[in-house]
Number of protein chains: 2
Amino acid sequence: MESAERINRLLNYKTFLYQLRSLGFIKVFSDNIADALGISASLVRKDFGVFGIVGSQKGGYEIEKILEKIQEILGKDTVQKIIIVGVGRIGTALLEYKKGFDKEGIKIVAGFDIDPATIDPEAEIPVYSTSLLYDYIQDNHIQFAIVSVPESAAQQTLETLKAAHIYGILNFTTLRLKNTEETIISNINIEHELSRLIYFVKNR
Amino acid sequence: MESAERINRLLNYKTFLYQLRSLGFIKVFSDNIADALGISASLVRKDFGVFGIVGSQKGGYEIEKILEKIQEILGKDTVQKIIIVGVGRIGTALLEYKKGFDKEGIKIVAGFDIDPATIDPEAEIPVYSTSLLYDYIQDNHIQFAIVSVPESAAQQTLETLKAAHIYGILNFTTLRLKNTEETIISNINIEHELSRLIYFVKNR
DNA sequence: ATTTTTATGATATTTTTTTCACATATTATC
DNA sequence: GATAATATGTGAAAAAAATATCATAAAAAT
Ligand SMILES: NC(=O)c1ccc[n+]([C@@H]2O[C@H](COP(=O)([O-])OP(=O)(O)OC[C@H]3O[C@@H](n4cnc5c(N)ncnc54)[C@H](O)[C@@H]3O)[C@@H](O)[C@H]2O)c1
Ligand SMILES: NC(=O)c1ccc[n+]([C@@H]2O[C@H](COP(=O)([O-])OP(=O)(O)OC[C@H]3O[C@@H](n4cnc5c(N)ncnc54)[C@H](O)[C@@H]3O)[C@@H](O)[C@H]2O)c1
């Protein structure tokens, strides 16, 4: 298994190469990618080597081939079903951001909330009562969840998800969580991102 | 200037220590922090050493003292004004998430949008027309912006912000941007976060 | 056909990050 | 007050990550 940093770069390569392709480019050199992402060309080539992406000497790399390989590495052959727990401001934004996720093989299949005003089982992406969460996960073999409940409900929600044997959680609450044996937890903390940005600007 | 990783850890220490403090704890050992965050105790101590956070031998560290020092390092003595460009789903969620940012010395002072239905200069946090963006930044000495416009408007928005000499940008669009001489750009890509999570679950 | 050019891919080197190990100081105990 | 216990702080060691170097292959030019 590769490092998180390497996978990050892989995702960045992908995004950049999609852009290049849409501009009509067919081939690309490690140098071009390096410049675009602000890293060294040898790191690009090393990454490609690790992932089994080969180019031709003098001719560079075929964009189409790289992209295929990246999708394969990321396991994008199968669609991943995801649920959202806490359909408030952030949760709704994500729920409605269909096209962006769909085209990456990520399908948000349902939301869960305690607020009766938010619950709507008939919507295109249904929003159910949280009381149904555990059973829904079991019945539909859900492996991934996004957590965007208020802080106060975070711990409880996490426990339920773990009990239901969810494999991966994207956590938007500030409750910082460690991976467990079974569940990988990825924390997004927007306040941290801002604070870090401010730090680097101030210490530039 | 410290590495991004070290600043990340600093922010994690902060979050964890706030939690500990709210539980009534006064002191903490590097071991406790290490366990909570899943890192080694020596790394915690090394970080503290780098940041000039000192404990007492046998007695550990005073939580209050660490937190003070962290706030000092992060420059939390002054409130930072931030604007949001693109007050759609994500932008609105951030705009309304006042308390979370305010208590960290991050103050969202205005939003900007092209949609007349969204513009509301009289709101608690006013939302202005994008045509006023450049002048607003100049007049109010704004240093930071969050960008949550659609992809199609991303490049243009970035150019305007750079032209207005913004120092830091938190970018939610998938357009991947490099830092420039003057402007530090931090990219949040939720799709990437999900893809990475899926990768690590599949290759666990 | 030969030479030149140049980008890859592999290896070596350097840099950065993390961990180890232990002397030292400080608190608690006897 | 002496002794024991133990967590810090630091310098050395190890590990990991990134970069530099260069032989080689393949395309282009002559
Ligand atoms: N909005 C932001 O910009 C922002 C920024 C940073 C972090 N966050 C964090 O993200 C999380 C969500 O933020 P938000 O602004 O969307 O909050 P919100 O209050 O708008 O939404 C929370 C939703 O969760 C629902 N909920 C409450 N308890 C629940 C439970 N037990 N099970 C299921 N649903 C439950 C509520 O009914 C509500 O719909 C919070 O933890 C917040 O701290 C938000
Ligand atoms: N919503 C999500 O969950 C999500 C997830 C990942 C990435 N993103 C990205 O975040 C960005 C915003 O997403 P969203 O869902 O909030 O979109 P949205 O369409 O809800 O909001 C975009 C807002 O920007 C405004 N706008 C358009 N052109 C503008 C301009 N030139 N200047 C100022 N404002 C302008 C629109 O009027 C609208 O209010 C997009 O780039 C999207 O790809 C969103």
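Chain identifiers are assigned alphabetically (A, B, ...) following the order of the sequence lines, protein sequences preceding nucleic acid strands; residue numbering begins at 1 within each chain. Predicted model only: the values in this text are computed from it and were never measured.
- No side-chain donor-acceptor contact under 3.5 Å links B/D47 to the backbone of B/V44.
- No more than 12 heavy atoms of other residues, nucleotides or ligands sit less than 6.0 Å from atom CD1 of A/I26.
- At whole-Å resolution of the value, CG in A/N32 and P in C/dT6 are 14 Å apart.
- Where the helix from C/dA1-D/dT30 to C/dC30-D/dG1 starts and where it ends, the local axes point in directions that differ by 10°; five pairs per end, rounded to 10°.
- B/K202 contributes a side-chain N or O that, together with a main-chain N or O of A/G75, makes up a donor-acceptor pair within less than 3.5 Å.
- Note on B/Y61: every side-chain N or O is 4.0 Å or more away from OP1 and OP2 of C/dT26.
- Rounded to a whole Å, the CG atom of A/D31 is 14 Å from the C1' atom of C/dG9.
- In this structure, A/R89 is not positioned above the aromatic face of B/Y97 in the sense of NZ or CZ being under 6.0 Å from the six-membered ring centre and within 45° of the axis.
- Residue-level contact check: B/F48 touches neither bases nor backbone, having no heavy atom under 4.0 Å from any strand.
- A/G60 comes within contact range of the sugar-phosphate backbone alone, with a heavy-atom separation under 4.0 Å but no base atom that close.
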Listed pairs, N/O of protein and of nucleotides 25-29 of chain D, under 3.5 Å:
residue, atom, partner, partner atom, Å
D/dA25, O4', A/Q57, OE1, 2.8

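- Judged by distance alone, the side chain of A/N171 and the main-chain N or O of A/S186 form no donor-acceptor pair under 3.5 Å.
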- Message: Counting primed atoms plus P, OP1 and OP2 as sugar-phosphate and everything else as base, spell out the protein contacts along nucleotides 14-20 of chain D at 4.0 Å heavy-atom distance: B, S or - for each nucleotide, 5' to 3'.
- Response: ---SSBB
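- Checking A/Q156 against A/T160 by side-chain atom types alone, a donor-acceptor pair falls below 3.5 Å.
- For the pairing with B/N8, the side-chain hydrogen bond (donor to acceptor under 3.5 Å, both in side chains) check across A/E193, A/R196, A/H192 returns one residue only, A/R196.
- When A/K76, A/Q80, A/E104 are each tested for a side-chain hydrogen bond (donor to acceptor under 3.5 Å, both in side chains) with B/S195, only one passes: A/K76.
- Taking 4.5 Å as the limit, every side-chain heavy atom of A/L158 sits out of range of all side-chain heavy atoms of A/T183.
- With contacts defined as side-chain heavy-atom distances shorter than 4.5 Å, the pair A/F144/A/L170 does not qualify.
- Note: A/F112 and A/Y128 have tilted aromatic rings, judged against thresholds of 30 and 60 degrees for the angle between ring planes.
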